[in-house]
Amino acid sequence: MSEENKSLNFIEQIIEQDIKSGKHEGRVHTRFPPEPNGYLHIGHAKAITINFEITKKYGGTTNLRFDDTNPVAEDTKYVEAIKQDIKWLGYDWEDREYYASDYFQTLYDYAEKLIHKGLAYVDDSTAEQIAQMKGDTRTPGKNSPYRDRPVLENLQLFRDMKDGKYEDGAKVLRAKIDMSSPNMHMRDPVIYRIKRAHHHRTGDQWCIYPMYDFAHGQSDSIEGITHSLCSLEFRHHRPLYDWFIQQLNIFPSRQIEFARMNVAYMITSKRRLLKLVQDGIVNGWDDPRMPTLSGLRNKGFPPAAIRTFCDKAGVAKRDNLIEYELLESCVRDELNKTSLRAMVVLDPLKLIIKNYPQDQTEQLPVIDNPEDPHASSHMLSFSRELFIERSDFMVDPPKKFFRLAPGRNVRLKAAYIIHCDDFKKDPETGEVTEVLCTYYPETKSGSDDSGIKAKGVLHWVEAHSAIPIVVNNYQQLFTDPTPLGHDDKDYLDFLNPDSLTVNEGALAEPFVAQTKQLDTLQFMRQGYYCRSADQNGKPCFNHTVSLKSRWKPKTQ
RNA sequence: AGACCCAUGGUGUAAUUGGCAACACUCCGGUUUUUGGUGCCGUCAUUCUAGGUUCGAGUCCUAGUGGGUCUACCA
């Protein structure tokens with residue numbers, strides 16, 4: 001579908017209307033506003049792509065702004081990690097790196113302005129009392145006894161708060177709006193609190209900090225953000241967002257809410273993810289099983305695939321649960337185009353070619369990526385002794401099985417057609433230990449005009465040149481697509497005990513050792529794998545995604 | 001219980017804003033293939049319900065039903 005024909009999502013429709021009407025001179029300016037108190041995950045990727053892609057489309061710019069108004073939770077290490085992840089995803093905020101904390105003085109001045117206008121007051125009530133007086137969704141709140149303090153007294157008290165004359169929590173500044181509003185956020189929200197905590201950027205300069213509602217919209221306004229895109233749970237904050245902008249008479253940024261993206265089998269709750277890390281259920285925030293961007297990166301998911309995925313998931317306002325298969329499809333699609341192919345036998349079974357000379361070895365070329373018209377190729381060693389995949393041989397195969405079995409032909413990829421004559425079994429266990437074959441010299445790959453047929457094609461490695469590798473196999477961390485969606489069960493009840501299994505017995509052609517960390521290969525006929533840190537001196541690969549397969553062995 | 005938001009195949013998003021319900025993923029078939037991959041072709045919907053407006057409704061109106069959000073000195 002061409003770009004012009006592609007239908008617009010509701011945010012693009014709003015923006016096109018704004019451009020048409022000449023609002024803000026047709027300028028489009030968005031921002032991505034993470035709080036530096038955790039690592040970015042797939043949900044953030046959605047927000048990032050929405051914000052950056054929309055300005056790419058309409059010729060605007062996107063700011064990176066750290067929403068760092070709560071010094072207790074925030075840290076510079078998160079700032080660095082977040083920046084790295086956004087760059088990795090493929091987006092560039094250029095020189096527009098901002099911090100809400102850059103605006104602390106301006107925000108403070110805004111607060112005094114509100115006090116002057118009689119629209120804010122210092123409240124001595126405790127947090128519990130404030131909550132109490134707030135009422136609930138069906139009961140109007142009660143005015144605080146401090147609500148009608150004179151302007152000058154409020155001003156003095158607020159300055160004293162700033163100057164550190166009160167204990168943490170002793171007083172707060174509240175906006176004076178409407179304690180009977182059906183919208184709880186309008187019931188005199190707290191806008192400043194006393195908190196003696198070291199801020200990662202402003203240090204100990206301040207002991208009062210603005211709340212989200214008093215910082216976010218104003219920060220948008222200060223930066224001239226035209227369209228402030230956020231998730232649906234901020235819908236109820238919008239009247240407050242607009243109220244501050246109006247009362248302060250500052251640049252009118254507009255907040256637009258969209259539905260958060262939910263992905264099957266993934267959770268994005270910071271607290272619950274932290275528990276997985278702390279309890280050692282995963283090996284850190286960047287474990288390939290984590291939905292963090294660093295986790296997906298280590299799993300081998302290319303940034304382009306994540307961008308495509310977010311695009312294909314779409315933007316709307318209804319609840320959604322995106323199937324994991326869509327993500328996998330985007331990953332396969334990208335990797336199919338970009339990954340070099342290699343032969344790796346995950347579960348080796350020895351195969352002897354009886355009529356191949358004992359001491360002979362030959363080099364056979366194999367193309368690196370058949371999807372790439374300019375693909376290079378590399379050489380494979382071939383000899384009398386090989387390994388094939390154990391699952392590619394059956395003593396007594398079902399009708400649709402067209403791999404190797406006694407009396408059958410099969411092609412060895414990039415090599416010869418072979419015929420299975422016999423096999424050996426372990427007398428104790430009954431396990432097949434060796435397959436005995438003969439090859440047809442005239443069926444050499446690339447110059448085969450023999451007319452000999454073989455239905456199946458097998459990958460293989462040559463016994464003496466093959467190198468041992470370690471393979472980490474990953475499955476979903478949870479056995480349920482919505483581990484948080486059960487009233488009667490905890491998400492930890494759905495942990496998949498097999499989410500990581502380590503295979504130390506795989507054999508690879510030497511070519512795979514040439515990869516660097518984070519390189520992705522297609523192990524032919526099996527799937528995509530991403531080079532990880534070596535284990536026990538052996539190259540190690542993380543499973544990214546399997547190849548699709550129309551062969552479904554009967555599991556009964 | 002209230003206020004606000006939402007409702008289109010199994011999933012997600014469309015429908016030139018009132019004019020033949022489309023695209024992608026999944027599933028299932030077929031075809032091509034020296035990867036059972038890729039590519040290509042095909043099957044899969046009473047648009048939540050009931051009324052109403054209209055020549056004509058997924059779209060507008062009313063009521064209902066279902067789901068979500070909101071009552072932190074977090075963001």
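Quick note on labels: first sequence line is chain A, next is B, and so on, each numbered from 1.
- Per the geometry, CZ belonging to Phe309(A) stands 13 Å off C1' belonging to U13(B), to the nearest Å.
- Side-chain atoms of Glu233(A) and base atoms of G68(B) include no donor and acceptor less than 3.5 Å apart.
- For Tyr78(A) and His200(A), the distance between ring centers is not under 6.0 angstrom.
- Nucleic acid contact class of Ile322(A) (heavy atoms, under 4.0 Å, all strands): sugar-phosphate only.
- Here Tyr416(A) and Tyr439(A) bring their ring centres to under 6.0 angstrom of each other.
- Atom NZ in Lys312(A) sits about 12 Å away from atom C1' in U13(B), given to the nearest Å.
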Expected string for nucleotides 31-49 of chain B under the B/S/- scheme (protein heavy atoms, under 4.0 Å, primed atoms plus P, OP1, OP2 as sugar-phosphate) is B--BBBBS-----------
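- Because its glycosidic torsion is more than 90° from 0, U33(B) is reported here as anti.
- Remark: aromatic rings of Tyr209(A) and Phe104(A) are close, center separation under 6.0 Å.
- Ring centroid separation for the pair Tyr212(A) and His216(A) comes in under the 6.0 Å cut-off.
- Partners of Tyr440(A) by ring pair (Phe, Tyr, Trp, His ring centres under 6.0 Å), not counting sequence neighbours: none found.
- Distance Asn262(A) CG to U69(B) P: 10 Å, rounded to the nearest Å.
- With sequence neighbours left out, Lys548(A) forms a side-chain hydrogen bond (donor to acceptor under 3.5 Å, both in side chains) with no residue at all.
- Closest-nucleotide positions on RNA chain B for Leu327(A) and Pro182(A) were compared, and the one nearer the 5' end corresponds to Pro182(A).
- Proximity of Lys444(A) to Glu362(A): side-chain heavy atoms (C-beta onward) are separated by under 4.5 Å at one or more points.
- Remark: the separation of the P atoms in G39(B) and C55(B) is 49 Å, to the nearest Å.
- Nucleic acid contact for Thr69(A): sugar-phosphate only, since backbone atoms but no base atoms lie under 4.0 Å from a heavy atom of the residue.
- Between Arg411(A) and Ser445(A) the shortest side-chain heavy-atom distance falls below 4.5 Å.
- Counting non-hydrogen atoms under 4.0 angstrom, Thr308(A) reaches nothing in the nucleic acid.
- Centroid-to-centroid, the aromatic rings of Tyr265(A) and Phe478(A) stay 6.0 Å apart or farther.
- A side chain to side chain donor-acceptor pair (under 3.5 Å) check over residues 372-382 of chain A, counting only residues at least two apart or in different chains, returns the pairs Gln363(A)-Ser381(A), Asp368(A)-Ser376(A), Asp368(A)-His378(A), His378(A)-Glu509(A).
- Contact annotation for Leu321(A): backbone-only contact, meaning every heavy-atom pair under 4.0 Å involves sugar-phosphate atoms and none involves a base.
- One atom, NZ of Lys317(A), and another, P of C4(B), lie 13 Å apart when rounded to the nearest Å.
- Cation-pi contact between Lys162(A) and Tyr108(A): present, with separation from the ring centre below 6.0 Å and deviation from the ring axis of at most 45°.
- RNA chain B is contacted by Ala127(A), Gly135(A), Asp136(A), Thr137(A), Arg138(A) of residues 127-140 of chain A, taking any non-hydrogen atom closer than 4.0 Å.
- Within residues 183-196 of chain A, the residues approaching RNA chain B are Met184(A), His185(A), Val190(A), Arg193(A), Lys195(A), by heavy-atom distance under 4.0 Å.
- With rounding to whole Å, Leu326(A) atom CG is found 16 Å from G9(B) atom C1'.
- At whole-Å resolution of the value, CZ in Phe234(A) and P in A72(B) are 15 Å apart.
- Separation of the C1' atoms belonging to C70(B) and U13(B) is 27 Å when rounded to the nearest angstrom.
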Show each protein N/O and nucleotides 14-18 of chain B N/O combination with a separation under 3.5 Å, one pair to a line.
{"from": "A14(B)", "atom 1": "OP1", "to": "Val315(A)", "atom 2": "O", "distance (Å)": "3.1"}
{"from": "A14(B)", "atom 1": "O2'", "to": "Ser7(A)", "atom 2": "OG", "distance (Å)": "2.7"}
{"from": "U17(B)", "atom 1": "O4", "to": "Gln13(A)", "atom 2": "OE1", "distance (Å)": "2.6"}
{"from": "U17(B)", "atom 1": "O4", "to": "Gln13(A)", "atom 2": "NE2", "distance (Å)": "3.3"}

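- Annotation: U46(B) and C6(B) have their C1' atoms spaced 22 Å apart (nearest Å).
- Computed from coordinates, the Tyr265(A) OH to U11(B) P distance equals 14 Å when rounded to whole Å.
- Taking the side chain to side chain contact (heavy atoms under 4.5 Å, CB included) definition, one finds that Asp333(A) meets it with Lys337(A), sequence neighbours left out.
- C60(B) and U17(B) are spaced 14 Å apart, taking the P atom of each and rounding to whole Å.
- Comparing G9(B) with C48(B), their C1' atoms are spaced 14 Å from each other, to the whole Å.
- Remark: P of C74(B) and NE2 of His236(A) are 20 Å apart, rounded to the nearest angstrom.
- Each salt bridge (charged side-chain N to carboxylate O under 4.0 Å, His left out) pair with one or both residues in residues 172-198 of chain A, not counting sequence neighbours, appears once here: Asp123(A)-Arg174(A), Arg147(A)-Asp188(A), Asp148(A)-Lys176(A), Asp168(A)-Arg196(A).
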Bracket notation of RNA chain B in which parentheses pair within the strand, [ ] cross earlier pairs, and | pairs with another strand (Watson-Crick or G-U, under 3.5 Å)
.((((((..((((.....[..))))..((((.......)))).....(((((..]....))))))))))).....
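- Side-chain atoms of Leu380(A) and Phe511(A), non-hydrogen and from C-beta on, never get closer than 4.5 Å to each other.
- U33(B) sits 24 Å from C27(B) when the P atoms are compared, rounded to a whole Å.
- Residue contacts for Glu323(A): at a heavy-atom cut-off of 4.0 Å it reaches a base atom on one of the strands shown.
- For the C1' atoms, the distance linking A7(B) with A45(B) amounts to 15 Å, nearest Å.
- Checked against the 6.0 Å centroid threshold, Phe523(A) and Phe541(A) count as a close aromatic pair.
- Residues meeting the side chain to side chain contact (heavy atoms under 4.5 Å, CB included) test with Val545(A), sequence neighbours left out: Glu328(A), Val331(A), Arg332(A), Tyr528(A).
- Exactly one of Leu349(A), Ile353(A), Val461(A) qualifies for a side-chain contact (heavy atoms from CB on, under 4.5 Å) with Leu386(A). That residue is Ile353(A).
- Within the structure, salt bridge (charged side-chain N to carboxylate O under 4.0 Å, His left out) pairs that include any residue of residues 126-144 of chain A do not occur (at least two apart or interchain).
- A distance of about 35 Å separates the C1' atoms of A72(B) and U11(B), rounded to the whole Å.
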